[in-house]
Amino acid sequence: CSKGALTYVTTANIYNEVGDWEDLFAPGLAGCQGCNTELLMRHTLRRVGPDTVLATPPGCVPGMGSVGFNGTTGTKVPVFHPLLTNTAAMLAGVKRQFKRMGRDVTALAIAGDGGASDVGFQSLSGAAERGEQMLFMVVDNEGYMNTGMQRSSCTPYGAWTSTTPIGAGCSAGQPAQGKTQDAKNLPLLMVNHRCAYVATASTAYMEDLYAKLDRAIEASKTGFAYVHVYSPCTTGWRFPSDQNMEVARKAVETNFVMLWEFTPSEGLRFSRSVDDPLPVTDYLKAMGRFRHLSPEQIEHIQGKVVENSKFIQRFSEQAHGG
Amino acid sequence: MYEVRFHGRGGQGSVLASGILAAALVEEGKYAVSIPSFGFERRGAPVVSFLRASERPIRQLTNIYNPDCLICVDPTLTRSVDIFAGLKPGGTLIQATHKPLAELVLPDTVGRVGLCDAVKIALEVFRRPITNTLMLGAFAKTTGVVSLDALKRALEHSDFRDAGLAQNMTALERGYAETTVHQIERRVAA
Amino acid sequence: MSRHQSYPLFNLEQANVPDDLCPVATDISPMLPGDWRSQRPVVDRDKCVKCAVCWLYCPVQCVEEHAAWFDFNLNTCKGCGICATECPQRAITMIGEAQ
Amino acid sequence: MSTTTLEKPAVSAPKKQKVMLCEGNEAAALAVALARPDMVAVYPITPQSSLVEHVASLIADGKMDADIVDAEGEHSVLSVLQGGALAGARTYTATCGPGLAFMFEPYFRTSGMRLPIVMSIVTRDGITPQCVWGGHQDAMTVREVGWVQIYCETVQEVLDTTVMAFRIAEDHDVMLPVNICLDGNYLSYGTARIELPDQSDVDAFMGTKDVNWHVALDPLKPMAVDPLTGGAGGKGPATFVRYRKSQCRGMQNALGVIEAVHAEWAERFGRSYAPLVEEYRLDDADFAIMTLGSMTGAAKDAVDEAREAGKKVGLIKIKTFSPFPVEALMRALSKVRALGVVDRSVGFRWNCGPMYQEVLGVLYRLARESGTVLPAMSFIGGLAGADITIPHFHRVIDATERLLDGPAPTEPVWLNEND
């Protein structure tokens with residue numbers, strides 16, 4: 001290996017291994033300054049490699065130019081826009097034909113949370129149920145950030161979005177204070193499809209992400225592999241672009257986001273301890289979209305964090321302890 | 001053109017019988033078109049299907065409103081359905097029934113009747129009241145429009161296999177053998 | 001995956017495929033976002049220990065390795081500042097482009 | 001080798017065709033098997049269900065070597081096939097009515113990506129009123145979306161045309177998806193005698209498969225498929241127009257290809273159909289009725305009966321509805337002096353049948369060329385599985401005959417209004 005990063009720093013291990021591998025996106029993509037999605041997709045495709053067909057439904061991924069514009073492409077592997085609604089189905093067709101022809105091709109989807117949890121959920125669920133052989137990655141920036149930061153079903157309770165705004169209220173009800181429902185837990189739904197592999201990940205924990213990518217690529221050769229990556233959005237969540245990793249890290253340290261993986265044979269396993277989390281306010285105060293929260297709303301969110309943590313822990317215990 | 005209307009109940013196989021009869025007619029080098037009526041054909045509900053036979057290609061793909069022949073595979077159906085609607089004068093009725101001709105109430109349009117105690121025979125052959133193939137035998141015996149041989153060949157090419165095929169062959173033969181044919185003389189000529 | 005380099009992009013002309021059937025793109029985007037920057041990262045070469053954290057977290061992957069330090073390709077660096085914030089050695093400073 | 005190679009190779013005599021009896025849905029399935037697709041995606045819906053059941057059985061019995069995808073809905077059905085086609089698969093599915101409506105998003109896209117997918121529409125009326133029966137409303141509703149749409153009259157024609165559809169779709173001058181429309185109920189479940197071509201003869205007819213020569217999702221040929229195209233300014237508008245014009249050109253090319261493929265089919269298999277527009281007893285007719293699909297058989301019988309009664313009536317059947325066969329219709333319509341058009345669906349905007357509405361455009365061109373305006377009227381029948389019988393067609397014939405020396409009504413005649 002020609003790479004000379006310090007081997008005693010564990011973060012350098014990834015660089016030493018894959019630093020020479022080609023970044024399979026164009027050098028210039030139109031992601032926002034400090035875009036976590038751009039970071040994620042560049043690492044992911046580098047790891048998955050060129051024997052890949054990439055599907056990116058409408059959202060930030062193609063929005064920053066990965067499928068290109070008027071004759072130019074942003075990707076060095078075959079790439080296409082599915083519809084927002086049919087990513088898993090269309091990619092399944094591609095993969096099946098290569099399998100029929102006896103060619104080993106990785107079918108990779110990088111989809112937003114809106115296109116996966118809302119309008120694209122039917123095709124996602126159908127493909128998972130059929131065990132279509134693909135790696136389906138969801139970039140969860142908790143809303144429709146590409147089209148102007150509208151709410152999705154993955155938007156968390158209390159968050160400001162352009163369709164769950166903060167307002168003075170009207171005669172019919174309370175003042176509007178952000179989203180009034182909790183987020184849909186898409187990765188847990190995928191666990192209930194008994195996918196070959198399900199994992200949650202964060203770009204703040206790159207070694208964990210890379211390890212999970214390896215397992216997901218392997219699982220995608222025999223079944224449906226699903227990786228759900230929490231992806232802070234500097235523009236939509238309202239924090240300075242340089243704070244991206246810090247926000248991602250705080251999400252995990254407070255248990256707002258938990259990192260785990262699941263296979264049908266091994267069950268669910270945390271890849272990072274969820275004991276002794278920081279208070280959720282450490283996460284909430286890091287960004288503008290939660291600035292308006294009342295003490296009651298913060299209490300609700302903290303309660304949900306604890307509830308979610310216990311809920312997933314029970315999955316984990318049933319798999320290993322029980 | 002010879003037009004037949006099948007009457008039965010959902011689950012009794014009258015649509016299947018119509019198809020087998022059409023196949024038998026094709027076996028004999030004739031042209032045949034069969035069309036089921038369309039509704040929610042749930043088990044037990046009255047159903048109809050239509051069959052046209054001809055020496056020449058058949059172009060009409062429509063229902064049949066004035067049949068030459070009625071095949072009623074269910075003995076109780078006449079209580080709820082006017083199976084005789086539109087029957088051509090001098091037309092033929094093939095009826096599954098244990099009753100003698102004298103006990104049947106028939107309109108003036110009926111000119112020929114084939115009667116078969118199909119339920120009794122079916123219970124002996126299948127241990128269930130499946131009368132459709134039986135009534136095809138009755139049809140062949142009563143009308144001569146199709147031969148028993150052609151029906152047998154059509155049955156062989158159908159989806160029936162092994163024991164089911166043997167049972168249906170028996171049913172077909174007994175339907176043919178145990179049908180009584182009656183010509184009804186009308187006092188007033190048409 | 002054994003292969004880590006891209007295959008050459010498809011060439012419509014060479015393959016004699018009309019360019020008006022299915023919409024396709026076969027040229028890599030020439031866009032370079034370096035001119036988006038209002039701030040640029042500057043590396044203190046003495047402090048840099050080549051831990052690769054900046055490379056790990058750079059969204060545009062514009063970090064380049066030099067003999068004794070890591071530096072940035074300013075054609076694509078958008079100036080987000082993540083590298084400066086994340087550098088464990090505090091070896092990267094963001095300075096205004098106007099200066 | 002020599003200049004004589006310009007002559008077409010002689011078509012060897014076809015093997016004996018198997019005579020059998022089947023419903024239209026089974027005929028479609030048998031045709032699909034003969035065309036050897038790589039991938040079939042299915043989702044059941046009345047009255048298409050038995051078609052996909054037959055396809056599934058053929059695959060299960062090893063009589064068809066295709067990957068079958070039991071997708072979770074029609075939207076995914078067509079999406080799976082798009083992916084398959086982009087990777088080089090010959091693909092097929094079938095749907096109707098609400099399924100087609102649910103499929104609309106990828107349906108629109110299929111023609112834009114120039115994917116030669118073949119899909120039967122076992123036509124069904126549109127809901128609401130809630131209904132599960134036949135009618136052309138589903139196919140008519142999507143007639144402006146860039147698919148070739150061909151309607152069949154008989155079970156045999158379903159079989160033959162479904163095989164031909166793959167050749168038409170994959171022709172390099174066309175490269176468009178094709179719908180084979182077979183009337184729900186009357187054709188889907190109508191059982192009739194058919195002749196089944198031998199597989200080897202169909203293989204010779206089909207030639208070599210090359211589905212994705214123009215676009216591919218293949219790691220060895222990297223490209224971006226369907227990037228953003230258009231916008232105001234730059235090269236966007238011209239680029240978009242170039243693709244759209246090419247789509248329209250492919251559609252017009254289809255007219256000639258459909259004729260050529262039908263001619264070759266007739267030569268190879270001995271069964272010929274008018275590929276675009278059929279003229280029946282038209283040459284000495286004073287007036288004509290126009291039909292589409294399975295209603296045509298009864299209409300021809302009615303025309304024969306009317307001829308015996310001294311009425312000089314002929315019949316024009318449209319087989320290819322999209323692209324609309326304008327020139328062929330001009331030739332047919334120039335032979336008569338009045339026209340009655342029978343639709344099995346409605347055109348809500350004009351308060352008439354959609355086929356009638358399309359014909360009005362042809363009549364305008366005919367009037368410009370001949371100087372006379374052909375009187376025409378619209379009949380709507382057979383909605384939601386209703387029967388259009390010979391007596392109905394006699395009403396159509398009589399009303400159309402009256403156009404020869406009377407005013408044309410502006411309202412449509414609803415044939416089953418009093419049934």
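In what follows, chains carry the letters A, B, and so on, assigned in the order in which the sequence lines appear, proteins first and then strands, with residues in each chain numbered from 1. All heavy atoms count here, side chains included; hydrogens, waters and symmetry mates do not. Owing to the predicted nature of the structure, the values given are computational and were not obtained by experimental measurement.
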How close do A/C35 and C/P59 get, heavy atom to heavy atom, and via which atoms?
-> O-CB, 3.3 Å

So C/H4 and A/W21, would you call those rings parallel, tilted or perpendicular, with 30° and 60° as cut-offs?
-> parallel

Could you pull out the closest heavy-atom pair between A/Q243 and C/T85, with the gap in Å?
-> NE2-CG2, 3.9 Å

Just give me the residue among A/M41, A/E246, A/R42, A/M206 that pairs up with chain C most often, heavy atom to heavy atom, under 4.5 Å.
-> A/R42

Check each atom of C/T76 against the heavy atoms of chain A and say whether the ones under 4.5 Å are side chain, backbone, both or neither.
-> side chain

Taking it one step at a time, do A/M245 and C/I82 satisfy side chain to side chain contact (heavy atoms under 4.5 Å, CB included)?
-> CA-CA 7 Å; A/M245 291 306 118; C/I82 289 177; 4.1 Å; yes

For A/A12 and C/A52 the tightest heavy-atom approach is CA-CB, 4.2 Å

Tell me, side chain or backbone of C/C83 under 4.5 Å from chain A's heavy atoms, or both, or neither?
-> neither

What option among A/T203, A/L29, A/T75, A/V67 has the most heavy-atom pairs under 4.5 Å with chain C?
-> A/L29

Closest non-hydrogen contact found for A/D23 with C/Q61 is OD2-CB, 3.7 Å

Are C/L9 and A/T73 side-chain neighbours, meaning at least one heavy-atom pair lies under 4.5 Å?
-> yes

By a 4.5 Å heavy-atom criterion (distance strictly below it), what part of C/L56 contacts chain A: side chain, backbone, both, or neither?
-> both

Most heavy-atom pairs under 4.5 angstrom with chain C, which of A/A204, A/G71, A/G68, A/G74?
-> A/G71

Working to the nearest 0.5 Å, report the span between CE of A/M64 and OG of C/S29.
-> 12.5 Å

Minimum heavy-atom distance A/G31-C/W36, with the two atoms named = O-CZ3, 3.0 Å

Verify whether one side chain among C/Y7 and A/D51 offers a donor that lies under 3.5 Å from an acceptor in the other.
-> yes

Evaluate the side-chain proximity of A/K76 to C/I28: yes if any heavy-atom separation is below 4.5 Å, no if none is.
-> yes

Give a yes or no on whether C/N16 atom CG has more than 12 heavy-atom contacts from other residues, nucleotides or ligands under 6.0 Å away.
-> no

Heavy-atom donor-acceptor pair, A/S241 side chain to C/C80 backbone, under 3.5 Å | yes

Determine yes or no for a side-chain-to-main-chain donor-acceptor pair under 3.5 angstrom, with A/Q33 supplying the side chain and C/G79 the backbone.
-> no

Whatever's closer than 4.5 Å to a heavy atom in chain A on C/V24 counts as backbone

Basic-acidic side-chain contact under 4.0 Å: A/R249, C/E86 = yes

C/P30 versus chain A, the contacting section by heavy-atom distance below 4.5 Å | side chain

Check the pair A/Y15 / C/K50 against side chain to side chain contact (heavy atoms under 4.5 Å, CB included), numbers first and verdict last.
-> CA-CA 10 Å; A/Y15 177 73; C/K50 299 187 71 175; over 6 Å; no

Is there a side-chain contact between A/I14 and C/W55 (heavy atoms, below 4.5 Å)?
-> yes

Heavy-atom nearest pair, C/S6 first then A/P50, reads CA-CB, 4.1 Å

Could you please spell out the steps behind the side chain to side chain contact (heavy atoms under 4.5 Å, CB included) verdict for C/R3 and A/E22?
-> CA-CA 10 Å; C/R3 189 185 170 95; A/E22 188 173 355; over 6 Å; no

